[in-house]
Amino acid sequence: MPQTLSPQYAIQAKNLSVYYGAFRAVKNITLSIEQRKVTAIIGPSGCGKSTVLRSFNRMNELTPSASIAGEILFMGQNIYAPEVDPVEVRRRVGMVFQKPNPFPKSIYENVAWGARLNGFRSGLGRPNMDEWVETCLRKAALWDEVKDKLQQSGLSLSGGQQQRLCIARAIAVKPEIILMDEPASALDPIATLKIEELMRELAEEYTIIVVTHNMQQAARVSDFTAFFSMDEDRAGALVEYGLTTQIFTTPKDSRTEGYITGRYG
Amino acid sequence: MKNPLPNPLQPVFEPEVAQRNRLAAVWRLLFRLSVAISLGFLALLLFNILNQSFGYAALTTKIDPASLAVNGAALQTLGKEDLLKILQAKISKGRLRQLDRELPLSERSREDVYALVWQEVVQPEVAYTWPLLDSLWRPAAVRAEAAARYPQAQLTFRSWANASFIRSSQSSDPLNAGVRTAILGSLWTIAITIVIAFPLGVGAAIYLEEYAADNWLNRLIQTNINNLAGVPSIIYGMLGLAIFVRTLQPLTSGAAFGVSDPTTANGRTILSAGLTLALLVLPLIIINAQEAIRAVPDSLRQASYGLGATQWQTIWHHVLPGAIPGILTGAILAISRAIGETAPLVVVGAATYITFDPSGPFSKFTTLPIQIYQWTARPQAEFRNLAAAAILVLLLLLLSLNASAIVLRNRYDRK
Amino acid sequence: MSLRRRSRPGESLIQGFLFFCGAFSILTTVGIVYEIGKEALLFFGDPEVNGWKFFTGLKWQPQAGEFGILPLLNATLMTTFFAMLIALPLGLCVAVYLSEYASPRLRNWLKPALEILAGIPTVVYGYFALTFMTPLLRLLFGKDVVDIYNTASAGLVMGILILPLIASMGEDALSAVPRSLREAAYALGATRLETAVKVVLPAALSGLAAAFIVGVSRAVGETMIVALAAGAGPNFTFNPFKGAETMTGHIVRISGGDLSYDSIDYNSLFAIGMLLFFVTLSLNLISQQIVRRFREVYE
């Protein structure tokens, strides 16, 4: 069925279900993510938040038993269509993971690696690699801290710095969307705050979808919030989706209200 | 507040995904091919053994059996009496007496006497052998070739690994040679290896996992064991030669116990071989047993201590029962390694040629791999066939050992 | 009820026995160093022997009083080289396939098959070298070029023996690389090959190096294949199609014959054994050190 592309949506999920073997982890999600906004996905643990996020750039395929039903449209195109190459999808939909995972390479290499992999071309009027690495590190608010030690290993940085390095690495391939899977859950409060500030800044340029179990974080950084919950057969389902201010002040669903007021979850 | 970017322009990416995917596909094919080649080696190795174990053989005889016909009756139809007469007429008195001593001729069956006539009088010899592949693929060509090159010879399809091959002792005649002595030698040697290495190895593993504090001595012991596992087996052979064969000769020859075998009277005995192999597999048994003991959950130990058990009671009643399948599996694998070992036993001094069964730990010895080595090293082609047949026997022995290890592992895994 | 410490003689006895079991391995090492060292020293102390010429001499002819290790060492290095020529690329590719490509089910089939290959006694490989590889080489390169006994055949078959070792140690090293690194690469748009070769392989490099070193150590100490297929008689040659005896091959041939104890021939074997022991020991120690460092990075 042809989709009328509405340009403000970066990602649209239509009747998305995700299976691990025979087990349905997520069922019938229909969700449209706005461009250049921060969208938070919240919900109790085990409700399929990360599963949905990982299906947005086909990372779930790396789990051998995983399969999906339904459609995910990226800029109006179904990314699970047979002719679509997951490699191409992942370049344009980047990802930052829960635990900082820099490559055991230098800080410079960490940023340059993905760009080089994807055929980075410098030339007249275009940045060269050094300039591009600096640009990405500046956008990730890390440049000032690492500019004198670009050749040191990425593993030598602190946890918060490593996570910002991973963000710089993700934006170095010029994705349109950045998926963040609980990016601050392994960090201390100060580092967390830095990452949150960074998300707001990056939203000027990128669409950001962030999974978090921290409601305050969702309230602080996101424009939109999707609340997921587990239904009776243990499959994750979307309960409510809307403007963050609305979800946190006047939730329509009693389950949302129960969760954000801390009654369960 | 935001820093100025060094170059505000955006870079261009040319990902060339199609080309990268093609490269990835080529390499995936290469990886697959490597796996196929590795498995191919295994298949080739096994095929090569089978190919040499069976096939046509052209046999010539010293005396034409037709010439032994009595009154027109062919040799194979003769009764025991006539066969005995042929024996008495054709072989020397001394040989006849020797055969009679082994088992009085009068008590032997007709088939036995018939076999003796073939072996002692007719004396078949192998002129040429063909591998299994040729024998199956182009039997007509083999027959033609045999007829042209060995017109006197009789062409028979021969399985070199057969019942009499397993029952017979070593012999210089490839048609009568067997691996009985070698199998018995292997079993004796391995029995000694197990008796020594298993308790020592398991004891060491218990010590290292349950008792040893983290100090320099125990770290040294652990490092040492890991290193011993990597020492080439031939070095163990030299150690065995120096210690068991020479220094401890009074013990290993049995002289100290007054039971030395008159044929040896030196330290090159089954006992020395078994002890050498025990040293060789000891580190493997220890490392495997350690892993099995480590896999027993700590909660079991704590539960036992909580009930007031001593350390040894805890180990004996709770740790060992949980670890024993893993320990046994590891031990079996180590033992299979010992069964296949050749080099250290050559150095320790396996006998090159013995035809009598070993009678105890102080006998001279040969083992299956040694037998394979010696037959392979001989230039005559028919001994290669014998070696292949012996390899078949050895591989079957190892296969059954490994299968028992797998069964053991699976049975306990289910629990 | 008294809470006083009780003496438990049984427990102490058992503990004492277990300590003996653990310490026994030290005795083995001491035995190796002492016994082999003793005979080796007798060899070097012999007036006929020149220690310098042992390491530099190009001839090993005990009858002529020439004890130069180089022909034996050279043959060992040649067979090792050919073994690694087969084992390293194939073993690495198999390791990458097992760790990065194969499904768990396929892996459960492939690994036991490789274990079988590794569990076949070396004398069987020797037989294979002599009855398959050598005729094959003679067919390919001509009977005038390839001798019946040659180092290439022995080395190549040794490579098949060492292949599963490299594959299994290599796979261990690759699998130890955290999954998160692979995910990071995939999320940047890397193909499976790029992830494996540009991220996982470099991250596992030290583990792979350790596998390589253990493989070399194994090849240097391997005996039966070279004893059967590489040739009997020390020969200083760089031609892989000529026969040449390795260190291990020489030890096995001489000690398998009638050897009189306390002769210089006998002692010379221990000098070779000593060298062999130290070479393999240092290789093993180096590889263990590398593995330990590698583990520290990821655990």
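So that the names make sense, note that chain A is the first sequence line, chain B the second, and so on, each numbered from 1.
The candidate with the highest count of non-hydrogen atom pairs below 4.5 Å against chain C, out of Arg58(A), Gln98(A), Arg91(A), is Arg91(A).
If you measure heavy-atom distances from Phe103(A) to chain C, the contacts under 4.5 Å come from both the backbone and the side chain. Contacts of Val93(A) with chain C are made by backbone atoms alone, with heavy-atom separations under 4.5 Å and no side-chain atom involved. With a 4.5 Å cut-off on non-hydrogen atoms, Ser103(C) does not touch chain A at all. Of the two parts of Lys99(A), neither the backbone nor the side chain holds a non-hydrogen atom closer than 4.5 Å to a non-hydrogen atom of chain C. In this structure, chain C has a heavy atom under 4.5 Å from the backbone of Pro102(A), while its side chain stays farther away. Of the atoms belonging to Arg182(C), not a single heavy atom falls under 4.5 Å from chain A. Of the two parts of Val173(A), only the side chain, counted from C-beta on, holds a non-hydrogen atom closer than 4.5 Å to a non-hydrogen atom of chain C.
Dense packing is recorded around OH of Tyr20(A), with more than 12 heavy atoms of other residues, nucleotides or ligands lying under 6.0 Å away.
Within the structure, the side chain to side chain donor-acceptor pair (under 3.5 Å) test picks out no pair touching residues 74-83 of chain C (sequence neighbours left out).
Residues passing the side-chain contact (heavy atoms from CB on, under 4.5 Å) test with Val214(C) are Leu165(C), Met169(C), Ser287(C), sequence neighbours excluded.
Here the closest heavy-atom approach between residue Ala184(C) and residue Arg169(A) is recorded as CB-NH2, 3.2 Å. When every heavy atom of Gly189(C) is checked against every heavy atom of Asn118(A), the shortest pair comes out as O-OD1, 4.2 Å.
Using a cut-off of 4.0 Å between Lys/Arg side-chain N and Asp/Glu carboxylate O, Glu183(C) and Arg54(A) are scored as salt-bridged.
A donor-acceptor contact shorter than 3.5 Å links the side chain of Asn101(A) to the backbone of Ser180(C).
Note that CZ of Arg90(A) is 11.0 Å distant from CG of Leu188(C), once rounded to the nearest 0.5 Å.
Residues Trp113(A) and Lys198(C) meet the side-chain proximity criterion, which asks for heavy atoms closer than 4.5 Å.
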